[in-house]
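Side chains included, hydrogens not; waters and symmetry mates left out as well; all remaining heavy atoms used. These numbers were taken from a predicted model, which means no experiment stands behind them.
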There are 2 protein chains.
Amino acid sequence: MKLPTSPLQLVSHYFQRGYFPLNAQEAEALAAYCTRRQIKRRQLLLQTGEICRHVYFVVAGCLRLYAVDTGGKAHNLQFAVENEWLSDLASFYAEQPSGVFIEALESTSVLQISHDDLLDLFVRFHKFDRNFRILIERQYLQLQDRLLQSISTPAEARYRAFLAQYPHWAARLPNTQIAAYLGITPEFLSKIRRDQASAHRRQP
Amino acid sequence: MKLPTSPLQLVSHYFQRGYFPLNAQEAEALAAYCTRRQIKRRQLLLQTGEICRHVYFVVAGCLRLYAVDTGGKAHNLQFAVENEWLSDLASFYAEQPSGVFIEALESTSVLQISHDDLLDLFVRFHKFDRNFRILIERQYLQLQDRLLQSISTPAEARYRAFLAQYPHWAARLPNTQIAAYLGITPEFLSKIRRDQASAHRRQP
DNA sequence: CAGGACCCTTAACCTAGCTTAAGGAATAGC
DNA sequence: GCTATTCCTTAAGCTAGGTTAAGGGTCCTG
């Protein structure tokens with residue numbers, strides 16, 4: 001049973017590492033529910049007030065999930081590049097209006113699964129239930145860690161932790177986006193980078 | 001079908017507001033799985049490194065869930081008073097070592113359900129599955145909101161928001177605990193309170 | 001090739017919130 | 001009811017990080 005195209009192979013291969021791997025039948029069902037979608041740089045996949053109706057799997061490109069505060073400033077909650085899932089899970093599962101935005105930072109190609117189709121998969125194959133619960137657990141943990149870091153760790157250490165934990169994000173994201181993730185201004189991030197560079201030169 | 005004691009009635013009544021209410025059979029099953037437990041002030045229900053094996057429902061008293069940073073300072077992630085659930089959900093569901101502590105801030109009486117028993121309830125009654133998923137969704141949302149607030153809102157506004165959103169917590173918690181929740185020092189909270197009081201006197 | 005739109009950096013100045021230290025008020029626990 | 005903690009407050013420095021303004025680099029796009 002061959003899968004139709006390479007992006008669809010990608011999705012099912014995603015669940016190889018750290019999840020319950022799919023068998024041929026499950027992979028096929030997943031592939032059948034996935035829809036391809038192309039998004040231009042700057043285009044929104046979700047806006048505040050809308051109900052988030054899909055989970056997205058990035059085939060190529062880069063997305064960010066962000067919220068806008070009362071002062072109009074954007075704060076990044078999450079990124080997703082190739083081989084990563086993204087959704088506003090709270091809005092998606094509860095079917096309630098979202099408080100965040102999802103935007104393409106580059107020209108991006110995604111596979112999307114709708115809420116109804118995903119529930120269908122959950123009912124037909126228990127494994128998806130488990131895999132997506134692991135997904136939400138991981139996001140929960142990640143969120144808890146970030147909250148702790150943001151109230152207990154200075155920006156310089158947070159930046160170092162970010163580089164260590166998400167090197168693949170750091171490598172391709174503009175510093176303005178990283179700053180909006182760390183909760184600091186681009187100017188201050190620039191200063192941190194300068195200080196780290198000089199500290200590194202002194203102690204190589 | 002009468003429930004044996006008043007605390008057990010409490011638990012099933014919890015699901016009346018905003019959840020899927022239980023019928024007599026479900027309430028009885030829930031009651032059958034609940035174990036009563038008494039904790040003294042300062043006593044720990046969970047320590048870092050342990051797997052969190054129970055969800056707790058507070059009958060009387062007050063719990064906090066907190067993490068300790070590398071500098072040894074405690075940061076409160078959540079409180080629970082009468083009629084509220086508390087657990088390290090990430091550790092509980094994934095059955096992985098926890099990174100947080102749960103401690104009684106007062107002499108506290110809880111009902112606890114073990115992981116296995118809860119899964120049993122999930123299988124026997126679909127409604128528990130849904131109710132506990134709503135629970136984790138709400139916690140997820142709450143966590144996301146707090147993260148946003150902590151990186152976008154000054155301490156004074158965060159304190160006001162806390163008072164507005166959790167008046168029942170604010171009324172009984174010492175300010176040291178509230179400060180550790182807001183991510184500020186008790187000294188600075190004291191200053192905020194003084195400033196707010198004088199601003200209020202000027203503009204009643 | 002020219003002109004925007006981003007993006008990165010620097011520097012001077014400013015402020016929110018931390019640290020330390022200390023005294024007084026309120027509780028917990030015996 | 002007494003005593004030891006815990007808790008709250010004040011105040012004087014101090015630091016992390018924000019703000020504003022400006023210059024320069026790079027890459028799309030017409």
* dC8(C) phosphate, OP1 or OP2: any side-chain N/O from Arg193(A) under 4.0 angstrom? -> no

* Rounded to whole angstroms, how far apart are CZ on Arg42(B) and P on dC7(D)? -> 6 Å

* Could you check whether Ser190(B) gets within reach of a base, just the sugar-phosphate, or nothing at all, counting any heavy atom under 4.0 Å? => base

* So, the side chain of Gln112(B) versus the backbone of Phe57(B): is there a donor-acceptor pair under 3.5 Å, distance only? -> no

* Asked: Looking only at side-chain N and O atoms, does Arg194(B) come under 4.0 Å of OP1 or OP2 in dT10(D)?
  -> yes

* To do: Examine Phe128(B) together with Phe122(B) and report whether their ring centres are nearer than 6.0 Å.
  => no

* Asked: Hey, which of these two, Thr176(A) or Ala155(B), hits DNA chain C nearer its 5' end, going by closest nucleotide?
  -> Thr176(A)

* **Of Tyr93(A), Phe92(A), Trp85(A), the residue whose pairing with Phe132(A) passes ring pair (Phe, Tyr, Trp, His ring centres under 6.0 Å)** => Trp85(A)

* Within this structure, what is the CD1-to-P distance between Ile178(A) and dC7(C), rounded to whole angstrom? -> 12 Å

* To do: Grab the CZ-P distance between Arg41(B) and dT27(C) for me, whole Å please.
  => 12 Å

* Starting at atom CG of Leu173(A), determine the distance to atom C1' of dC8(C), rounded to an integer number of angstrom. => 15 Å

* Please determine if a side-chain N or O atom of Lys73(A) lies less than 4.0 Å away from the OP1 or OP2 oxygen of dT19(D). => yes

* Asked: Any sub-3.5 Å donor-acceptor pair from Ser91(A)'s side-chain atoms to Cys52(A)'s backbone N or O?
  -> yes

* To do: Write down the distance between NZ (Lys191(A)) and C1' (dT9(C)), rounded to a whole number of angstrom.
  => 13 Å

* Considering only side-chain heavy atoms of Asn175(A), which listed nucleotide, dC8(C), dT9(D), dG17(D), is closest? -> dC8(C)

* Can you sort out which residues in residues 179-189 of chain B have a heavy atom within less than 4.0 Å of DNA chain C? Ascending by number, please. => Gly183(B), Ile184(B), Thr185(B), Glu187(B), Phe188(B)

* Starting from C1' on dT9(D), measure out to CD1 on Ile192(B) and report it in whole angstrom. => 14 Å

* **Whole-Å gap separating C1' (dC6(C)) and CG (Leu105(A))** => 13 Å

* Will you find, in the side chains of Arg36(B) and Ser109(B), an N or O donor that is under 3.5 Å from an N or O acceptor? -> yes

* **Residue pair Tyr140(B) / Gln139(A), side-chain donor-acceptor N/O under 3.5 Å** => yes

Side chains of residues 178-189 of chain A: which donor-acceptor pairs under 3.5 Å do they make with residues two or more places apart or in other chains?
from	atom 1	to	atom 2	distance (Å)
Thr185(A)	OG1	Phe188(A)	N	3.2

* To do: Can you tell me the distance, in whole Å, between the CD1 atom of Ile151(B) and the P atom of dG17(C)?
  => 15 Å

